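Only a predicted model underlies this, so the values are computations on that prediction, with no experimental measurement involved. These numbers come from the heavy atoms of this one structure, side chains and all, not from hydrogens, waters or symmetry mates. First the proteins, then the strands, lettered A, B, ... as listed; each starts at 1.
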Number of protein chains: 2
Amino acid sequence: MEILERPTRKQQIEERATMLFKTKGYAASSMRDLAQILGIEAASLYSHIKSKEEILQKICFKMANAFFLAIEQVNETTPEQQLEAAIKVHFKMISENIDASAVFFNEWRHMSEPYLSEFLAMRTRYEQFFMEIIHQGIKQGQFRVIDEKFAMMTILSSINWTHQWYRPTGKMSMDEIGDHLSELLINGLIKTRNK
Amino acid sequence: MEILERPTRKQQIEERATMLFKTKGYAASSMRDLAQILGIEAASLYSHIKSKEEILQKICFKMANAFFLAIEQVNETTPEQQLEAAIKVHFKMISENIDASAVFFNEWRHMSEPYLSEFLAMRTRYEQFFMEIIHQGIKQGQFRVIDEKFAMMTILSSINWTHQWYRPTGKMSMDEIGDHLSELLINGLIKTRNK
DNA sequence: CCTACCGATCGGTAGG
DNA sequence: CCTACCGATCGGTAGG
């Protein structure tokens, strides 16, 4: 039924806030800016939300959960295949949520405690997932010996930065970028290519 | 003479502002925050600077110039050697200016026109430098055929993100990270490795 | 969802 | 470099 698919006012607020925070940054975005976009008064926002920061928390944690849900479905067997799948699925989440990703990567530090600590703990756990794959790959001799945290950071930052330049209308499709990302990054890690 | 080496008040303001902007973000940093760090009143800042944004402009353009100066000294002959040198020198500039780099990468959008456009034009020119190396590498058959802008973005974002986690006190030295960065990124690009 | 409004804080100036 | 202060804007509340 159509009425079920129409976004609630709260969802609209969150959606527009995501775009606003991405464009101007959280601190420089005012509740009056947001209200104007929605065509209502600033005071009216507070019938639907508790505070400005609450919106930021929703955006950041929703995105964090989406990343976890996506990566938990990686079920390949070898580290190389796992890393390839993880890279692709991580990029897929970003490309399907470009605005929320930008807020997730750039505005999280404006959260107050205890949300900030919880957020950082989740991020660390997520990074551990990638590090474990790299660790196994090195242990099994598929990847060259390299500092695991360093390799993880280098790979993740390449993917994460795509939110800055990826456009659905660009000449490369989402799948192509995912393929090229994993190829470029993994083949720089594989020890025995062309052997 | 000692008096020549002592930073001017203006330099002190810029230095402390760089750290403040990095930590809190430009928009969330107030002139009263900055004044307090320096132990003076907010109004007193304006004897040395024209505006809050002027400080941001100084930081961003100084860093942009530093990047250009560094990369112009790359004088290797083959694309592979050029790319390796460019990666190392780019990372070197970041690691030697971690605070300013963070502001450069995260706060530039808070500049107003015409500074914003000029800044973005400089960034594009800088990116062209990397793209040209990649272009030559593909043309000469050293690099695999790949979208040049995509490869440039992937490489630069890996290096640029180092400002988020690189610590001079970490277990990897600056030179080691530079070496590993270029190795990880380039060997993912080279077509005929181990041939 | 609105009007009316709050106290706090903002970047910046005047004048010394 | 300070005191004193400006108009503007901030996130948010009361009451309907």
inquiry  = Quick check for you: among D:dC1, C:dG12, D:dG12, whose closest atom lies nearest to any side-chain atom of B:H48?
reply    = D:dC1

note = The correct set of residues in residues 34-43 of chain A placing a heavy atom under 4.0 Å from DNA chain D is A:A43

query = Starting at CG of A:L45 and ending at C1' of D:dT13, how long is that distance when rounded to a whole Å?
reply = 14 Å

note = For residues 149-158 of chain B, the side-chain hydrogen bond (donor to acceptor under 3.5 Å, both in side chains) pairs (sequence neighbours left out) are A:S158-B:S158

request  = For the pair B:K62 and B:E14, find out whether any cationic side-chain nitrogen is under 4.0 Å from an anionic carboxylate oxygen.
outcome  = yes

key: side-chain contact (heavy atoms from CB on, under 4.5 Å) partner of A:I87, chosen from A:L184, A:V74, A:I155, A:I133   = A:I155

key: Any A:S44 side-chain N or O less than 4.0 Å from OP1/OP2 of C:dC2   = yes

query = Would a line drawn from the ring center of A:H135 to the ring center of A:F143 be shorter than 6.0 Å?
reply = no

query = Charged N to carboxylate O under 4.0 angstrom, A:E96 versus A:K92?
reply = yes

task = Walk me through it: do B:E41 and B:R32 pass the test salt bridge (Lys or Arg N to Asp or Glu O under 4.0 Å)?
result = CA-CA 7 Å; B:E41 292 300 317; B:R32 282 159 180 85; over 6 Å; no

ask   = Below 4.0 angstrom, N of the basic side chain to O of the carboxylate: do B:E107 and B:K22 qualify?
value = no

query = With sequence neighbours excluded, what pairs up with B:E113 under the side chain to side chain contact (heavy atoms under 4.5 Å, CB included) test?
reply = B:L116, B:S117

key: Sub-6.0 Å ring centroid separation between B:F119 and B:F104   = yes

remark   = Each base of DNA chain C marked ( ) or [ ] if paired in-strand (Watson-Crick or G-U under 3.5 Å), | if paired to another strand and . if unpaired gives ||||||||||||||||

request  = Name all residues meeting the side chain to side chain contact (heavy atoms under 4.5 Å, CB included) criterion together with B:K88; count only those two or more places apart in sequence or in a different chain, and write none if there are none.
outcome  = B:E84, B:D179, B:S182

Under 3.5 Å between N/O atoms: give me all the protein pairs with nucleotides 6-10 of chain D, atom names plus distance.
unit_1, atom_1, unit_2, atom_2, d
D:dC10, OP1, A:S30, OG, 3.3

request  = Kindly indicate, with the supporting measurements, whether the criterion salt bridge (Lys or Arg N to Asp or Glu O under 4.0 Å) is fulfilled by A:E176 and A:K171.
outcome  = CA-CA 10 Å; A:E176 276 178 322; A:K171 64 178 172 182; over 6 Å; no

ask   = Can you tell me how far P of C:dA4 sits from OH of A:Y46, to the nearest Å?
value = 20 Å

key: Whole angstrom value for the distance that separates C1' of C:dG11 from CD of B:E53   = 12 Å

